[in-house]
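Note that the structure is a prediction, hence the values are computed from the model and not measured. Side chains are part of it too, since the values below use all heavy atoms of this structure and drop only hydrogens, waters and symmetry mates.
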Amino acid sequence: MSGITYVRGDATAPHGKGVKLIVHVCNDLGGWGKGFVLAVSRRWPEPEAAYRRWHRERAGNDFALGAVQFVQVSPYIWVANMVGQRGMRTGSNGVPVRYEAIDTALEAVADRARELGASVHMPRIGCGLAGGKWTRIEPLIEQRLTGRGIPVTVYDFGQGLSS
């Protein structure tokens, strides 16, 4: 049994008390405009603005696969922009998701969650536009987060769920 709590709902409206860290996957091209990021941008402008600036200034910062940018959007809510997909389309190199990058990013998320005393909230990261399989992502979350005692809630929004 996984230590992950699964609920139906919107990950941009996380349940529970205390500090919450909302985690999602971004691409390495600076693109922000489809999928879960639209819900993030509807609620808060800061994560998109920070991500676009981070990408634009990448020559002088850590923007790369596996990197994470933490953006505080309210006193008790942070958004983690994780660079976990190469490009935006499935092509000759397969689907855009990069499991190793998500694994590296989740380690940084775990460190920040512990520092903040935060719970972690997310959609099924890497499984939408990135084309990943939840059977590959879930064990990474269990190893990096729930295995270290960090509470994780995964939100399934609407119908048509796949694993």
Side-chain angles (χ1 to χ4, degrees), residues 1-12 14 21-44 47-71 78-113 120-148 150 152-163:
M1 180 71 192
S2 136
I4 300 169
T5 300
Y6 290 89
V7 299
R8 191 165 293 288
D10 179 357
T12 67
L21 189 51
I22 299 170
V23 174
H24 71 106
V25 171
C26 301
N27 63 68
D28 65 348
L29 296 178
W32 182 292
K34 289 185 177 175
F36 182 71
V37 297
L38 295 177
V40 171
S41 290
R42 272 193 297 274
R43 199 166 292 265
W44 310 284
E48 177 180 0
Y51 169 77
R52 289 188 185 280
R53 185 171 48 255
W54 188 32
H55 178 264
R56 190 173 53 250
E57 298 170 0
R58 66 191 176 281
N61 64 38
D62 67 344
F63 185 94
L65 283 169
V68 187
Q69 179 187 53
F70 297 95
V71 182
W78 292 71
V79 173
N81 294 331
M82 299 191 321
V83 184
Q85 68 181 70
R86 177 165 314 280
M88 293 184 265
R89 291 192 170 81
T90 298
S92 59
N93 292 328
V95 295
V97 71
R98 292 295 178 264
Y99 297 109
E100 311 76 33
I102 290 175
D103 188 39
T104 299
L106 286 173
E107 194 162 344
V109 166
D111 291 343
R112 182 58 64 98
V120 174
H121 303 261
M122 65 183 77
R124 291 189 187 231
I125 57 170
C127 296
L129 298 172
K133 295 191 180 326
W134 188 247
T135 54
R136 295 270 313 268
I137 305 246
E138 185 182 48
L140 301 177
I141 294 166
E142 291 169 342
Q143 180 182 1
R144 299 290 177 204
L145 300 171
T146 60
R148 293 174 64 186
I150 298 163
V152 174
T153 303
V154 172
Y155 296 76
D156 285 319
F157 189 82
Q159 302 300 318
L161 308 176
S162 60
S163 51

_Could you walk me through whether Leu21 and Phe70 satisfy the side chain to side chain contact (heavy atoms under 4.5 Å, CB included) test, starting with their C-alpha distance in whole Å, then the side-chain angles of each, then the deciding distance to 0.1 Å, before giving a yes or no?_
CA-CA 9 Å; Leu21 189 51; Phe70 297 95; 3.9 Å; yes
_Audit row: Lys133, Tyr99, side chain to side chain contact (heavy atoms under 4.5 Å, CB included) steps and yes/no_ = CA-CA 10 Å; Lys133 295 191 180 326; Tyr99 297 109; 3.9 Å; yes
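Here the closest heavy-atom approach between residue Gly126 and residue Val25 is recorded as N-CG2, 3.8 Å. Listed here is the closest heavy atom pair of Asp28 and Gly87: OD1-N, 2.7 Å.
To the nearest 0.5 angstrom, Thr104 atom OG1 is 13.5 Å from Arg98 atom CZ. We find the CH2-CD1 distance between Trp44 and Ile22 to be 3.5 Å, quoted to the nearest 0.5 Å. Here the straight-line distance linking atom CD1 of Ile150 with atom CZ of Arg112 works out to 12.5 Å at 0.5 Å rounding.
Residues Arg148 and Asp111 are paired through a salt bridge, judged by an N-O separation under 4.0 Å between the basic side chain and the carboxylate. Salt-bridge annotation for Asp10 and Arg43: present, with a side-chain N of the basic residue lying under 4.0 Å from a carboxylate O of the acidic one.
The aromatic rings of Tyr155 and His121 sit tilted relative to each other, their planes meeting at an angle between 30° and 60°.
For the pair Arg124/Phe36, no side-chain contact is recorded, criterion being any heavy-atom separation below 4.5 Å from C-beta on. Looking at heavy atoms from C-beta onward, Arg58 lies out of side-chain contact with Val83 at the 4.5 angstrom threshold. Ile4 has its side chain within reach of Glu142: a pair of non-hydrogen atoms, C-beta onward, lies under 4.5 Å apart.
Tyr51 places a side-chain N or O within 3.5 Å of a backbone atom of Gly30 that can act as its donor or acceptor partner. For the pair Arg144 (side chain) and Val109 (backbone), a donor-acceptor distance under 3.5 Å is absent. With hydrogens and angles ignored, the 3.5 Å screen pairs no side-chain donor or acceptor of Asn81 with any backbone N or O of Cys26. The closest donor-acceptor contact from the side chain of His55 to the backbone of Leu29 lies under 3.5 Å.
Aromatic rings of Phe63 and Trp54 (six-membered ring for Trp) have centroids within the 6.0 Å cut-off, being under it.
Of the candidates Met82, Arg86, Gln85, Leu65 forms a side-chain contact (heavy atoms from CB on, under 4.5 Å) with just one, namely Arg86.
There is no side-chain donor-acceptor pair under 3.5 Å between Trp32 and Asn27.
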